[in-house]
Amino acid sequence: MKWTKSLAVFLSLILLLALGACGTKEEKTEEKEKDNKEKAAESYTVEHAMGKTEIKGTPERVVILTNEGTEALLALDVKPVGAVQSWVGDPWYDHIKEDMKDVEVVGMEDPVNVEAIAKLKPDLIIGNKMRQEKIYDQLNAIAPTVFAETLRGNWKENFELYAKAVNKEEKGQEVIAEYDKRIEDMKADLGDKLNQEISMVRFMNGDVRIYHKDSFSGVILDQLGFARPAEQDKPDFAEKGVTKERIPAMDGDVLFYFTYDEGDGEGTKVEEDWINDPLFKKLEASKAGNVHKVDDSIWNTSGGVLAANKMLDDIEKFMADK
């Protein structure tokens, strides 16, 4: 009898403890939900290229007006309701098309389709002063609008602005930290290979360019610590309108080139003409078999965090046996 009574007391204690634990768990869940609701209701101010913009609550319907901005949102786990069409693709770059299903196209980076944006009833628009300064007031009349300054150089600067604009600074810091760690790991793995001079050239219809350090891919090469040929070791964007007399300036230990073709084959014709030129074939990189074609969308036009990581993939692949 005593044993039965003791067991009953013991079971009662277990039940009370279990109920207490459930209550604590429920309280924590309720507190978390309350914190999330409060955060969603908060307003915050973002300083950007056009001034200051107040945003009320975490945006849920975001329209993005640059290609690199689209990549930033996807990396932040934000699927935009509208985005400008990729420079190449129908309508998106291959490396993002799966993630962009059902996203509405709102024109190109220039011109943007303002009417299409308005129909989406966004609660935040993100654009770029370099591309859309003239229509900022129109956009800002539709929804709070945040503009980055430029599209050149280090993608991280714009990325940090976008993370703040969509109220995801913590997630943004995680993305940057992962990228920075990858850079450091690659630097250690590449070792002496970083002493090789890396050349970058772009072919397109009507223009050939030699890329310098303040380009998307130039910044990444610099972050890794690669050497650059003297003709390309410059702090600006690129040498444009290059003539064939400048082919010697393209030389390096390794030469990466990318071609912008609008689908009419004209850019590819320029590429074939140049890489088959006798002067190009005389380059040390050509003679050593160290000339590599890479994707223009990854190395240049998309310009965002996803492309940056894919460019690192290319470097790992091509430099593995150098």
Side-chain angles (χ1 to χ4, degrees), residues 32 35-84 86 92-93 95-96 98-100 103 109 122-132 139 143-187 214 216-217 219-220 222-224 298 301-313:
K32 188 175 181 180
D35 289 342
N36 289 337
K37 286 178 181 178
E38 287 177 354
K39 186 177 181 182
E42 288 175 359
S43 66
Y44 54 100
T45 301
V46 178
E47 293 189 29
H48 56 98
M50 303 299 290
K52 296 180 180 181
T53 294
E54 183 180 4
I55 302 169
K56 295 180 180 179
T58 299
E60 295 180 355
R61 298 183 59 80
V62 183
V63 168
I64 183 71
L65 304 182
T66 62
N67 283 263
E68 47 87 46
T70 298
E71 292 203 0
L73 292 190
L74 294 177
L76 292 165
D77 299 327
V78 175
K79 186 173 183 176
V81 294
V84 290
S86 299
W92 315 115
Y93 293 124
H95 67 282
I96 63 170
E98 290 301 315
D99 295 322
M100 293 293 283
V103 176
E109 286 190 7
D123 47 22
L124 175 66
I125 301 169
I126 300 175
N128 191 281
K129 184 178 179 180
M130 181 178 172
R131 287 279 192 261
Q132 299 118 11
L139 296 171
T145 301
V146 171
F147 270 14
E149 182 73 35
T150 186
L151 289 168
R152 294 175 179 166
N154 192 343
W155 60 266
K156 289 184 185 179
E157 295 173 7
N158 286 359
F159 181 85
E160 289 169 355
L161 174 65
Y162 304 151
K164 186 171 185 180
V166 297
N167 208 13
K168 287 210 169 192
E169 287 185 272
E170 187 175 335
K171 175 64 177 177
Q173 290 165 4
E174 289 175 9
V175 172
I176 294 290
E178 288 174 7
Y179 174 82
D180 288 344
K181 184 179 185 306
R182 188 175 182 193
I183 288 286
E184 292 306 312
D185 289 344
M186 284 183 65
K187 287 168 73 172
D214 194 33
F216 173 70
S217 42
V219 167
I220 293 173
D222 193 50
Q223 289 170 341
L224 286 167
I298 300 300
T301 49
S302 51
V305 58
L306 305 182
N309 276 291
K310 287 188 174 294
M311 180 178 162
L312 295 182
D313 291 343

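- Looking at Arg182, its side chain does come within 3.5 Å of a backbone N or O of Asn309 through a donor-acceptor pair.
- Thr145 places a side-chain N or O within donor-acceptor distance of the main-chain N or O of Ala143, the cut-off being under 3.5 Å.
- In the displayed structure, Glu174 atom CD is contacted under 6.0 Å by more than 12 heavy atoms of other residues, nucleotides or ligands.
- A heavy-atom distance below 4.5 Å is not found between the side chains of Lys164 and Phe159.
- Checked for salt-bridge contact, Lys181 and Glu178 miss the test: no charged N lies under 4.0 Å from a carboxylate O.
- Across every non-hydrogen atom of Ala75 and Leu306, the tightest pair is CB-CD2, 4.3 Å.
- Between Gly127 and Leu65, the closest heavy-atom pair is CA-CB, 3.9 Å.
- With a 4.5 Å cut-off on side-chain heavy atoms, Val46 and Tyr162 do not count as touching.
- Taken from CD in Gln173 to NZ in Lys168, the straight-line distance is 13.5 Å, to the nearest 0.5 Å.
- Contact annotation: the side chain of Val78 approaches that of Val62 to within less than 4.5 Å [non-hydrogen atoms, C-beta and beyond].
- The side-chain heavy atoms of Met311 and Ser217, taken from C-beta on, include a pair separated by under 4.5 Å.
- Ion pairing between Asp77 and Lys171 holds under the 4.0 Å rule for side-chain N and carboxylate O.
- A distance of 5.0 Å separates CD1 in Ile125 from CG in Leu139, rounded to the nearest 0.5 Å.
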Open item on the list: Show, in sequence, the C-alpha distance, side-chain angles and deciding distance for Glu54 and Ser43, and conclude whether the side-chain hydrogen bond (donor to acceptor under 3.5 Å, both in side chains) test is met.
Closed with: CA-CA 7 Å; Glu54 183 180 4; Ser43 66; 3.3 Å; yes
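- Using cut-offs of 30° and 60° on the angle between ring planes, the pair Tyr93 and His95 is parallel.
- Of the inter-residue distances, the one linking Leu312 atom CG with Leu224 atom CG reads 6.0 Å to the nearest 0.5 angstrom.
- Here the straight-line distance linking atom CD1 of Ile298 with atom CG of Asp313 works out to 9.0 Å at 0.5 Å rounding.
- For the atom pair CG of Leu161 and NE2 of His48, the computed distance is 8.0 Å after rounding to the nearest 0.5 Å.
- Between Glu71 atom CD and Asn158 atom CG the span is 12.5 Å, to the nearest 0.5 Å.
- Taking the side chain as every heavy atom from C-beta outward, Leu73 and Ile126 approach each other to under 4.5 Å.
- For the pair Phe147/Asn128, no side-chain contact is recorded, criterion being any heavy-atom separation below 4.5 Å from C-beta on.
- Side-chain polar atoms of Tyr179 and Gln223 form a donor-acceptor pair below 3.5 angstrom.
- With a 4.5 Å cut-off on side-chain heavy atoms, Leu74 and Met100 count as touching.
- The pair Glu109-Arg131 meets the salt-bridge criterion, since a charged nitrogen lies less than 4.0 angstrom from a carboxylate oxygen.
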